[in-house]
Protein chains: 2
Amino acid sequence: MAKAPVLTPRADDFPRWYQELITKAELADNGPVRGTMVIRPYGYGLWERMQQDMDARIKSTGTQNAYFPLLIPESYLTKEAEHVEGFAPELAVVTHAGGKELEEPVVVRPTSETIVNEYFAKWVRSYRDLPLLINQWANVVRWELRPRLFLRTTEFLWQEGHTAHATCEEARAFAARVQSEVYGAFLRDVLAMDFVSGRKTAGERFAGAINTLTLESMMGDGKALQMVTSHELGQNFAQAFRTRFLTQDGRQEYVWQTSWGSTTRMIGALVMTHGDDDGLRVPPRLAPVQAVVLAVKGDEGVLAGVRAIGDRLREVGVRVHVDDRTDVPFGRRAVDWELKGVPVRIEVGPRDLERGTAVLVRRIPGTKEPVAAGALSALLPGVLEDDQALLLEQSRRRREDHTVEATTIEEAAEAAAGGWARIPWATLGPEGEARLAERGVTVRCLVAADGSVPETEDQRGNVAVVARAY
Amino acid sequence: MAKAPVLTPRADDFPRWYQELITKAELADNGPVRGTMVIRPYGYGLWERMQQDMDARIKSTGTQNAYFPLLIPESYLTKEAEHVEGFAPELAVVTHAGGKELEEPVVVRPTSETIVNEYFAKWVRSYRDLPLLINQWANVVRWELRPRLFLRTTEFLWQEGHTAHATCEEARAFAARVQSEVYGAFLRDVLAMDFVSGRKTAGERFAGAINTLTLESMMGDGKALQMVTSHELGQNFAQAFRTRFLTQDGRQEYVWQTSWGSTTRMIGALVMTHGDDDGLRVPPRLAPVQAVVLAVKGDEGVLAGVRAIGDRLREVGVRVHVDDRTDVPFGRRAVDWELKGVPVRIEVGPRDLERGTAVLVRRIPGTKEPVAAGALSALLPGVLEDDQALLLEQSRRRREDHTVEATTIEEAAEAAAGGWARIPWATLGPEGEARLAERGVTVRCLVAADGSVPETEDQRGNVAVVARAY
């Protein structure tokens, strides 16, 4: 059956495909204030599932949730020099409130290191209070000149972790733990996304950090997306806010800190990683709806049949939705579910009912076959796990197939037209990094010779992963 | 054992007791910007439990979560005349962003009816799209001149539901359903809080609503607190934003809407309802920690003992925390847990270990008795349910004991010095309402003669519940 394309094909215009998919799958709309967005129920359902899973992982590190104010006195931002320099151009400033001009303007938080430190300085007294491990789920505002839904929005939702430790080593280990046990495991095991784990170069670090760890993934067009970051803040904010503690041997010392965040950008990453020309493909472990059971027609037997299948699938733990809106043409509904990327469709018409079969449509491998309706409950959990694995495998293969080992800056720049390049950092260095930047190519991260995250920027054998990026 | 009081007694200075409890139980701190607050992990843990429970109840009505932008063009607010009049004095306004003055100032949302309608007008086409049932968990900002932690804060966290329906009757029924099935059930069954359910007078309605339903509870000092509200918005916002739908017979009509919210104010209500001179008392069904097992001393047997008790309690579904910080004096830890209001403490010392006993301290009835350690798992679930019921009963009894049937405005005003008064609305009326307001007493709500929520303000037999309020 030939279908009119629902979306502009990716190969024709990737950005347009992305925008169309987000609109037609009802993930989000543009907000009225430039760069803001409305996250629609289907998109927000993805975010809720991400939050639930991440929140459990964050708590398993001993971190507790709290909530710090949205509005921060402007003076706080200026206490850490690099920090204010990094964020000043993006700030939204409240100058009037309660019908009056404010004596001191307040900024809408772009991130919370400053206000968190103001309170850590009050709460931390002695080594007994450390480590202090806090996370918050919140909205932040960074004025965005080139907005794109989910990827770069003026307001976005995120979690931001903030921790204080007694030693540099502890802080470093904690940032690395979050990066692998929380973020890395979540991306790989739930989002089915491959990534490279590395450290940012000095030029790409978070404003105020002494080191930034990053996970970078390859999108469907070969560009890179920074998925999540974890920062070692050293004692920079602690010194600015005098966040000190009494050591076991009676000295006052500044705490060592980390911060780390993941955002609604991950929804955009999901689209650009797993989406195809028919729409989104949602990894089964993430999917709010794993299987939709569609009544092809509205006769009573079919409606009873789809509901019974739905009930049986729920019993084996499948997140299922029964689509019995038979006043909407079947074809339109099928296309909608395809756009939304629900992993499995089970279609039941009058003839299926007679035969005791159903049509099983797997969105991820793109297969369609009749199965015995009675076999679905036994079949589906395995199908969903297989399709989860297939998405991860496709994501990994994409990166491997589109990553070039480059020996010169020229080679690296050329490779970055359609993928990534790996080039020895000793060959590139900060000077080469600047030359690549002129051509729109950035160092996404440095990885050690053995593929691990380097301890230092100039560790022998470091390789730079370079790419165009979102 | 005589104890030095940890808090100013309620009878001496209720507001001071409240402030001290919130600080010492580590629920929240004042934020740097006037009226804002930092919700500390223990306070936020209460909010997370509230969110989880409420979110499930909200979803069971068919409502889906979404997210609308924080920043709203100022012009949206002015589209509904009563709405802007109500909120203008409380708005925080962003005039500068991205290093420039904005062409049109944007407000930080005080509530989202306007921006929600902008999108409902796009999403709703025909009767098939109705009802549209949306909720969001978000922060809002209303500039507060007389802030008080949790009760009135410049920024607070809440959920706001927004729905659109084809008829006035459907909208009305939905608002009533949320009020009883979501809010009423949650307050009674989880927060263990008694309340009166009624409708607001015209003077006390939400800005832009045609009717506001409210649940009002009596605090420990006899004052009233508006716990949650649900509004029938009629077609006011629909007309302002042209939110219309095609009816089944082909006409264009404005939708009928509701909105409804519950906030972090509920944490303040919890404190003022169940708190006593020793601190908070958390209802067991809400409590993030239902039972804390304390090692009295740090010897190995005791530590192994408390951990074993903790494990066994977890197995029977009790949310348990093992307190083995034996480098902190036992007395101080006991006082801390009492302040935090954990329903049950289980104390184990070396002598208990010898005897195979533990000391069971129930925070809610205030009892303390030795029990066989092996019996705890069987005992505790019932104890927690009993104590949950006791809190609700105490809350109900307080209201009944401190509510006076008044026949004159003078009697009502006098009764409101230490409690509530009920007075026939036919006796009071809008004029009497204004006279009471001059004395700091407000009509909390109107209830029908049979105790139900009145259909109209001037329904025969309506009774006004009047009180001083937070």
Side-chain angles (χ1 to χ4, degrees), chain A residues 26 28-29 31-33 36-45 47-48 55 64-73 76 88-100 102 104-106 108 115 118-119 122-123 128 134 136 138-139 141-145 154-155 157 264 325 327-328, chain B residues 26 28-29 31-33 36-45 47-48 55 64-73 76 88-100 102 104-106 108 115 118-119 122-123 128 134 136 138-139 141-145 154-155 157 264 325 327-328:
Chain A
E26 300 185 341
D29 276 353
V33 173
T36 62
M37 67 176 161
V38 177
I39 309 179
R40 300 188 67 174
Y42 191 63
Y44 198 81
W47 180 239
E48 280 183 303
D55 194 64
Q64 292 183 295
N65 287 338
Y67 187 77
F68 290 85
L70 172 75
L71 302 175
I72 302 181
Y76 280 29
E90 301 179 356
L91 296 177
V93 186
V94 174
T95 56
H96 292 71
K100 289 184 185 167
L102 297 175
E104 184 190 350
V106 301
V108 182
I115 195 164
E118 178 79 8
Y119 288 86
K122 289 182 178 136
W123 298 341
R128 284 197 194 87
I134 299 287
Q136 78 172 353
N139 53 345
V141 170
R142 299 177 184 177
W143 215 256
E144 190 55 69
L145 297 178
T154 292
E155 179 190 11
L157 305 183
T264 36
R325 296 171 302 151
D327 54 342
V328 180
Chain B
E26 299 183 343
D29 276 353
V33 173
T36 62
M37 66 176 163
V38 177
I39 308 179
R40 300 187 69 175
Y42 190 63
Y44 198 81
W47 180 239
E48 281 184 302
D55 193 64
Q64 292 184 295
N65 286 338
Y67 187 77
F68 291 84
L70 173 74
L71 302 175
I72 303 181
Y76 280 28
E90 301 177 357
L91 295 177
V93 186
V94 174
T95 56
H96 291 72
K100 288 184 185 168
L102 297 176
E104 183 191 353
V106 300
V108 182
I115 196 164
E118 178 78 9
Y119 287 85
K122 289 183 179 138
W123 298 340
R128 282 196 195 85
I134 299 287
Q136 77 172 355
N139 53 345
V141 170
R142 300 177 184 177
W143 215 257
E144 191 54 69
L145 297 177
T154 291
E155 179 191 10
L157 304 183
T264 35
R325 297 170 303 151
D327 54 343
V328 180

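Proteins get letters first, then strands, A, B, ... in listed order; numbering begins at 1 in each. Being a predicted model, the structure only gives us computed values, none of them experimental.
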Take A:Leu102 and B:Val33, measure what side-chain contact (heavy atoms from CB on, under 4.5 Å) needs, and give me the verdict at the end. CA-CA 11 Å; A:Leu102 297 175; B:Val33 173; over 6 Å; no

Between B:Trp143 and A:Lys100, is the side-chain contact (heavy atoms from CB on, under 4.5 Å) condition met? List the steps. CA-CA 10 Å; B:Trp143 215 257; A:Lys100 289 184 185 167; over 6 Å; no

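- Each of A:Glu104, A:Met37, A:Glu26 has some count of heavy-atom pairs under 4.5 Å with chain B, and the biggest count is that of A:Met37.
- Heavy atoms closer than 4.5 Å to chain B are found in the side chain of A:Tyr76, but not in its backbone.
- Neither the backbone nor the side chain of B:Leu145 comes within contact range of chain A; no heavy atom of the residue lies under 4.5 Å from a heavy atom of that chain.
- The most heavy-atom pairs under 4.5 Å with chain A, out of B:Ala92, B:Ala28, B:Gly43, B:Gly45, come from B:Ala92.
- Most heavy-atom pairs under 4.5 Å with chain B, from the set A:Ile72, A:Val94, A:Ile134: that is A:Val94.
- Interface residue A:Leu71: backbone and side-chain heavy atoms are both found under 4.5 Å from chain B.
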Given A:Tyr67 and B:Thr264, is the side-chain contact (heavy atoms from CB on, under 4.5 Å) satisfied, shown in steps? CA-CA 11 Å; A:Tyr67 187 77; B:Thr264 35; over 6 Å; no

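- In this structure, chain A has heavy atoms under 4.5 Å from both the backbone and the side chain of B:Pro32.
- Salt bridge status for A:Arg128 with B:Asp327: present, with a side-chain N to carboxylate O gap under 4.0 Å.
- The candidate with the highest count of non-hydrogen atom pairs below 4.5 Å against chain A, out of B:Ile115, B:Thr95, B:Asp55, is B:Thr95.
- Closest of all the heavy-atom pairs between A:Gln64 and B:Pro41 is OE1-CB, 3.6 Å.
- Interface residue B:Leu70: backbone and side-chain heavy atoms are both found under 4.5 Å from chain A.
- Annotation: maximal heavy-atom pairing with chain B below 4.5 Å, among A:Ala88, A:Gly98, A:Pro105, occurs at A:Gly98.
- A:Glu118 does not touch chain B: none of its heavy atoms, backbone or side chain, sits under 4.5 Å away.
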Carefully, step by step, assess B:Glu48 and A:Asn65 under the rule side-chain contact (heavy atoms from CB on, under 4.5 Å). CA-CA 9 Å; B:Glu48 281 184 302; A:Asn65 287 338; 2.7 Å; yes

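- Across A:Val93, A:Leu157, A:Val106, the residue that shares the most heavy-atom pairs under 4.5 angstrom with chain B is A:Val93.
- A:Pro69 and B:Val38 make their closest contact through CD-CG2, 3.7 Å (heavy atoms, listed as atom of the first residue, atom of the second, distance).
- With values rounded to the nearest 0.5 angstrom, A:Arg40 atom CZ is found 8.5 Å from B:Phe68 atom CZ.
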